[in-house]
S.K.: 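Attaching a single structure in structure tokens format; questions to follow.
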Amino acid sequence: MTEPFFFSRGAGLTAGEIAVLTGATLSDPSLSDRLISNVAPLDRAGPHDLTFFENLRYSEGLQSTRAGACLISERFASEAPAGLLLLVTREPYRGFVAVTRKLFAPALRPSSLFEADGVTPGASVHPKARLEDGVTIEPGAVIGPRAEIGSGSLIGAGAVVGAGVRIGRDCSIGAHCSITHALIGDRVILHPGCRIGQDGFGYVMGPRGHAKVPQIGRVIIQDDVEIGAGTAIDRGAIRDTVIGEGTKIDNLVQIGHNVSVGRHCVVVAHCAIAGSVTLEDFVALGGRVTINNHVTVGEGAQIAGMSGVNSDIPAGARWAGLPAKPAKAWMREVTWLERASRKHSADKRKVEGEGKGDG
């Protein structure tokens with residue numbers, strides 16, 4: 001069997017073209033015509049591959065690499081072996097990403113699993129649904145009445161688009177997603193298994209049972225949002241749940257009703273955001289962060305993974321811990337506890353030793 005390769009390679013770029021694209025300086029301008037057709041890590045790169053270096057932990061890989069070219073900062077350029085073509089730049093990894101995007105542009109957006117165009121046999125499209133030209137609907141997908149889907153969008157196999165849902169242009173809706181009560185902008189990517197627009201978790205609790213609160217809001221997903229596989233976003237109760245422009249959400253995230261996520265936020269896997277939380281623009285949440293109801297996280301704030309947030313966080317702050325607090329205060333407390341624990345253990349051993357000596 002041939003080696004599987006899921007993303008076709010383009011014609012490649014010369015080292016000179018890469019230098020222009022990344023703003024890098026070639027260590028040997030006479031090699032500007034060298035062709036680069038792939039990207040690879042230091043230890044696997046070959047003569048036609050581009051790699052990068054920005055961490056001394058991988059110095060051994062730098063010394064032994066067979067790469068055709070290497071993006072590297074000026075700080076580390078002297079560490080490179082003789083004969084390795086260097087592209088010296090301030091941000092090697094950012095440059096590496098720029099080249100990868102150029103070489104493998106189709107990987108930026110999921111493509112049809114069925115390699116199909118148009119409405120495929122086996123898809124169910126309601127007569128009252130409206131599809132612009134260039135929409136692809138894969139087998140098993142269901143498009144409900146009055147749904148609207150913009151040109152260039154892809155609806156994956158087994159996906160369900162509910163009545164009245166609006167999906168913009170050049171979107172990718174992954175296999176087995178379900179979308180109800182939602183308005184979705186342009187260039188949005190939903191990876192497989194997303195659940196968008198279902199009931200929020202709202203009940204009035206009482207001694208005789210729990211009365212369900214009608215969830216009559218919507219989910220609004222703005223342009224250029226990407227949402228990972230298995231993430232669930234509940235529709236609002238009496239206001240909309242909103243995901244702001246350019247925000248990136250990882251796999252297996254829960255976002256409750258009435259939540260407002262600002263522009264260009266980053267939410268890493270396994271986060272749980274309770275109802276009516278507000279994340280202002282450019283907030284970053286590490287993995288497994290939990291945020292309690294009605295909390296506001298200020299613009300640009302960063303929360304470390306596995307933190308539990310119960311109170312508002314000011315703009316630009318860095319918090320960590322359970323319960324979450326300013327990261328420096330949390331680190332001081334952790335350090336103090338570690339020292340106290342070591343001292344307690346030492347004192348205990350000393351007392352036990354003195355007791356044996358008395359015997």
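Atoms considered below: every heavy atom in the structure, side chains included; atoms not considered: hydrogens, waters and symmetry mates. Residues take their numbers from the sequence shown, with the count starting at 1.
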S.K.: Test side chain to side chain donor-acceptor pair (under 3.5 Å) on S112 and E138 and set out the steps.
M.R.: CA-CA 7 Å; S112 170; E138 292 195 323; 2.4 Å; yes
S.K.: Among D199, T241, N258, find the one that has a side chain to side chain donor-acceptor pair (under 3.5 Å) with R235.
M.R.: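 The option that passes is D199.
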S.K.: Minimum heavy-atom separation for V225 to G244, with atom names?
M.R.: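 That closest heavy-atom pairing would be CG2-O, 3.2 Å.
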S.K.: Please name the pair of heavy atoms, one in L131 and one in V119, separated by the smallest distance, quoted to 0.1 Å.
M.R.: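 Of all heavy-atom pairs spanning L131 and V119, the closest is CD1-CG2, 3.9 Å.
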S.K.: More than 12 non-hydrogen atoms from neighbouring residues, nucleotides or ligands closer than 6.0 Å to CZ on R288, yes or no?
M.R.: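 Result for CZ/R288: open.
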S.K.: Which atom pairs, donor and acceptor, lie under 3.5 Å between side-chain atoms of residues 98-111 and protein residues at least two apart or in another chain?
M.R.:
from, atom 1, to, atom 2, distance (Å)
T100, OG1, F96, O, 2.8
R109, NE, D170, O, 3.3
R109, NH2, G152, O, 2.7
R109, NH2, C171, O, 2.7

S.K.: Atom NZ of residue position K212 - does it have more than 12 heavy atoms of other residues, nucleotides or ligands inside 6.0 Å?
M.R.: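 Count over threshold, so yes.
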S.K.: For E245 and H264: C-alpha separation, side-chain torsions, deciding distance, then whether side chain to side chain donor-acceptor pair (under 3.5 Å) applies.
M.R.: CA-CA 6 Å; E245 174 189 358; H264 305 291; 4.6 Å; no
S.K.: Around atom CZ of R187, are there more than 12 heavy atoms of other residues, nucleotides or ligands at under 6.0 Å?
M.R.: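 Yes - once you tally the heavy atoms of other residues, nucleotides and ligands closer than 6.0 Å, there are more than 12.
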S.K.: By ring pair (Phe, Tyr, Trp, His ring centres under 6.0 Å), which residues pair with Y93, not counting sequence neighbours?
M.R.: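 Partners of Y93 under the ring pair (Phe, Tyr, Trp, His ring centres under 6.0 Å) test: F52.
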S.K.: Taking all heavy atoms of A175 and all of L113, pick out the closest pair and write down the distance.
M.R.: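 Minimum heavy-atom contact is CB-CD1, 4.2 Å.
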S.K.: Please confirm whether F53 and F76 have ring centers closer than 6.0 angstrom.
M.R.: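 Between F76 and F53, which both carry aromatic rings, the centre distance is below 6.0 Å.
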S.K.: What distance do I149 atom CD1 and I155 atom CD1 have between them, rounded to the nearest 0.5 Å?
M.R.: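 Interatomic distance, I149 CD1 to I155 CD1, rounded to 0.5 Å: 4.0 Å.
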S.K.: Are V88 and Y58 connected in the hydrophobic side-chain network, where two residues link if heavy atoms are under 4.5 Å apart?
M.R.: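 Yes, it is one cluster - the side chains of V88 and Y58 are joined through contacts under 4.5 Å.
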S.K.: Nearest 0.5 angstrom please: S172 OG to L154 CG, how far?
M.R.: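 One finds 4.5 Å between OG of S172 and CG of L154.
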S.K.: Any link between V188 and V259 through a network of hydrophobic side chains (Ile, Leu, Val, Met, Phe, Trp, Tyr) touching at under 4.5 Å?
M.R.: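 Yes, V188 connects to V259 through the hydrophobic network.
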S.K.: Begin from the C-alpha positions of D234 and Q198 and carry the test side chain to side chain donor-acceptor pair (under 3.5 Å) through to its verdict.
M.R.: CA-CA 5 Å; D234 297 340; Q198 61 283 336; 2.9 Å; yes
S.K.: Using a strict cut-off of less than 4.0 Å between a Lys/Arg side-chain nitrogen and an Asp/Glu carboxylate oxygen, indicate whether E280 and R263 qualify as a salt bridge.
M.R.: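 No, this pair does not count.
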S.K.: Among V266, V253, L279, I249, whose side-chain contact (heavy atoms from CB on, under 4.5 Å) with L285 holds?
M.R.: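 Of the listed residues V266, V253, L279, I249, the side-chain contact (heavy atoms from CB on, under 4.5 Å) partner of L285 is L279.
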S.K.: Measuring from D224:CG to I189:CD1, what's the distance to the nearest 0.5 Å?
M.R.: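 D224 atom CG to I189 atom CD1 measures 9.0 Å (nearest 0.5 Å).
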S.K.: Do the side chain of T247 and the main chain of C265 share a donor and acceptor less than 3.5 angstrom apart?
M.R.: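 Side chain of T247 to backbone of C265, a donor-acceptor pair under 3.5 Å: yes, one is there.
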S.K.: Report the C-alpha distance between E226 and H191 in whole Å, list the side-chain angles of each, state the deciding distance to 0.1 Å, and finish with yes or no for side chain to side chain donor-acceptor pair (under 3.5 Å).
M.R.: CA-CA 8 Å; E226 184 163 356; H191 288 280; 2.7 Å; yes
